[in-house]
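One structure is given here, and the rest of the page talks about it.
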Amino acid sequence: MAPIKDESIKTKVKPIESYMTTKIEVNKGAWTIEEDRKLAEFIEIHGPKRWKTIAAKAGLNRCGKSCRLRWMNYLRPNIKRGNISDQEEDLILRLHKLLGNRWSLIAGRLPGRTDNEIKNYWNSHLSKKINQKEKQREVLTRKGSKTQKRRLIEKVELREENNKEDSEDSKISFNVDDFFDFSNENPFNLEWMSNFLEQDEANN
DNA sequence: AAAGAGTCCAACCGCGACCAG
DNA sequence: CCTGGTCGCGGTTGGACTCTT
């Protein structure tokens with residue numbers, strides 16, 4: 001839950017130079033209930049566009065960026081709160097394997113989740129999990145006999161060789177950016193997921 | 001009970017992309 | 001082309017909260 005401050009707590013203020021000569025001071029730090037209400041009401045009427053104008057016209061002493069972030073990560077409708085399910089976690093892992101740190105793309109495939117949330121979840125949970133797994137693997141490899149090690153290396157080499165061929169093929173048949181182009185798609189349409197999972201299974 | 005360490009997450013920052021003039 | 005304004009993204013920070021000693 002976002003820390004909604006008591007109005008009485010003094011907000012940090014940062015002076016910025018506007019394009020005019022006057023100095024404008026903007027609030028920084030946690031949002032108050034009153035600020036949330038103003039922002040939500042304004043967006044309900046005018047829509048979430050031109051954030052700088054929103055910040056000014058909604059009577060918020062905030063920069064446009066801050067308004068956008070607050071809307072996207074907290075006030076927007078359909079935001080899912082609470083723990084990430086096992087299914088969602090699995091999906092994040094698979095998508096991260098494919099896309100790397102492209103959080104907004106990953107978030108786009110998890111309805112109701114924000115890029116910030118997924119990024120935080122990755123940094124606090126999943127990156128640790130992966131490190132642990134890698135350490136375990138390392139220990140197992142060290143414990144093995146010389147012949148076991150040799151066999152393992154041969155296996156890895158064979159797999160890399162196959163992957164090379166696969167990736168050369170996939171250059172033609174599979175483009176990640178095309179695959180994740182949702183411009184013509186309902187965000188809650190989950191057909192993509194079964195396609196993606198099929199692709200992922202095939203690669204393993 | 002208190003203090004220090006660790007964790008989590010909202011919010012900020014800097015940068016690059018895009019677009020209009 | 002160039003410039004300035006705006007937006008969106010990923011990395012990082014800071015403070016609140018929880019756990020451990």
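Model, not experiment: these values are computed from the prediction. Numbers restart at 1 for each chain; the letters A, B, ... are given by sequence-line order, proteins then strands.
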message = Could you check whether atom CD of A/Glu41 has more than 12 heavy atoms from other residues, nucleotides or ligands sitting under 6.0 Å from it?
response = yes
Taking 4.0 Å as the cut-off, does a side-chain nitrogen or oxygen of [X] come that near to OP1 or OP2 on [N]?
{"X": "A/Asn101", "N": "C/dG11", "answer": "yes"}
{"X": "A/Arg62", "N": "B/dA11", "answer": "no"}
{"X": "A/Lys119", "N": "C/dG10", "answer": "no"}
{"X": "A/Arg68", "N": "C/dC9", "answer": "yes"}
{"X": "A/Trp122", "N": "C/dG10", "answer": "no"}
{"X": "A/Arg102", "N": "C/dC9", "answer": "no"}
{"X": "A/Ser104", "N": "C/dC9", "answer": "yes"}
{"X": "A/Trp51", "N": "C/dG5", "answer": "no"}

Nearest-Å distance for atom pair [atom1]/[atom2], residues [X] and [N]:
{"X": "A/Arg50", "N": "B/dC19", "atom1": "CZ", "atom2": "C1'", "value": "11 Å"}
{"X": "A/Ile54", "N": "C/dT6", "atom1": "CD1", "atom2": "P", "value": "12 Å"}
{"X": "A/Leu126", "N": "B/dC8", "atom1": "CG", "atom2": "P", "value": "11 Å"}
{"X": "A/Leu39", "N": "B/dA11", "atom1": "CG", "atom2": "C1'", "value": "14 Å"}
{"X": "A/Trp103", "N": "C/dG10", "atom1": "CH2", "atom2": "C1'", "value": "9 Å"}
{"X": "A/Leu69", "N": "C/dG8", "atom1": "CG", "atom2": "C1'", "value": "10 Å"}
{"X": "A/Arg113", "N": "B/dA10", "atom1": "CZ", "atom2": "P", "value": "11 Å"}
{"X": "A/Asn123", "N": "C/dG11", "atom1": "CG", "atom2": "P", "value": "8 Å"}

request  = Inspect the contact between A/Glu35 and A/Lys38 and indicate whether a charged nitrogen and a carboxylate oxygen are less than 4.0 angstrom apart.
outcome  = no
query = Quick one: which of C/dT12, C/dT6, C/dC9 gets closest to the side chain of A/Lys52?
reply = C/dT6
task = When you get a sec, tell me which of B/dA10, C/dC9, B/dC12 is the closest nucleotide to the side chain of A/Ser66?
result =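 Nearest to the side-chain atoms of A/Ser66, counting from C-beta on, is B/dC12.
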inquiry  = With a 3.5 Å distance limit and no angle check, can you tell me whether A/Arg76 reaches the backbone of A/Met72 through a side-chain donor-acceptor pair?
reply    = yes
ask   = Is there a donor on the side chain of A/Lys65 or the base of B/dG14 sitting less than 3.5 Å from an acceptor on the other?
value = yes
request  = Applying side chain to side chain contact (heavy atoms under 4.5 Å, CB included), run through A/Ile43 and A/Trp51 and close with a yes or a no.
outcome  = CA-CA 10 Å; A/Ile43 289 175; A/Trp51 292 106; 3.5 Å; yes
query = Do the rings of A/His96 and A/Trp122 sit parallel, tilted or perpendicular, given the 30° and 60° boundaries?
reply =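 A/His96 and A/Trp122: parallel rings.
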inquiry  = Using a 4.0 Å heavy-atom cut-off, does A/Asn73 contact any base of the nucleic acid, only the sugar-phosphate backbone, or nothing at all?
reply    = nothing
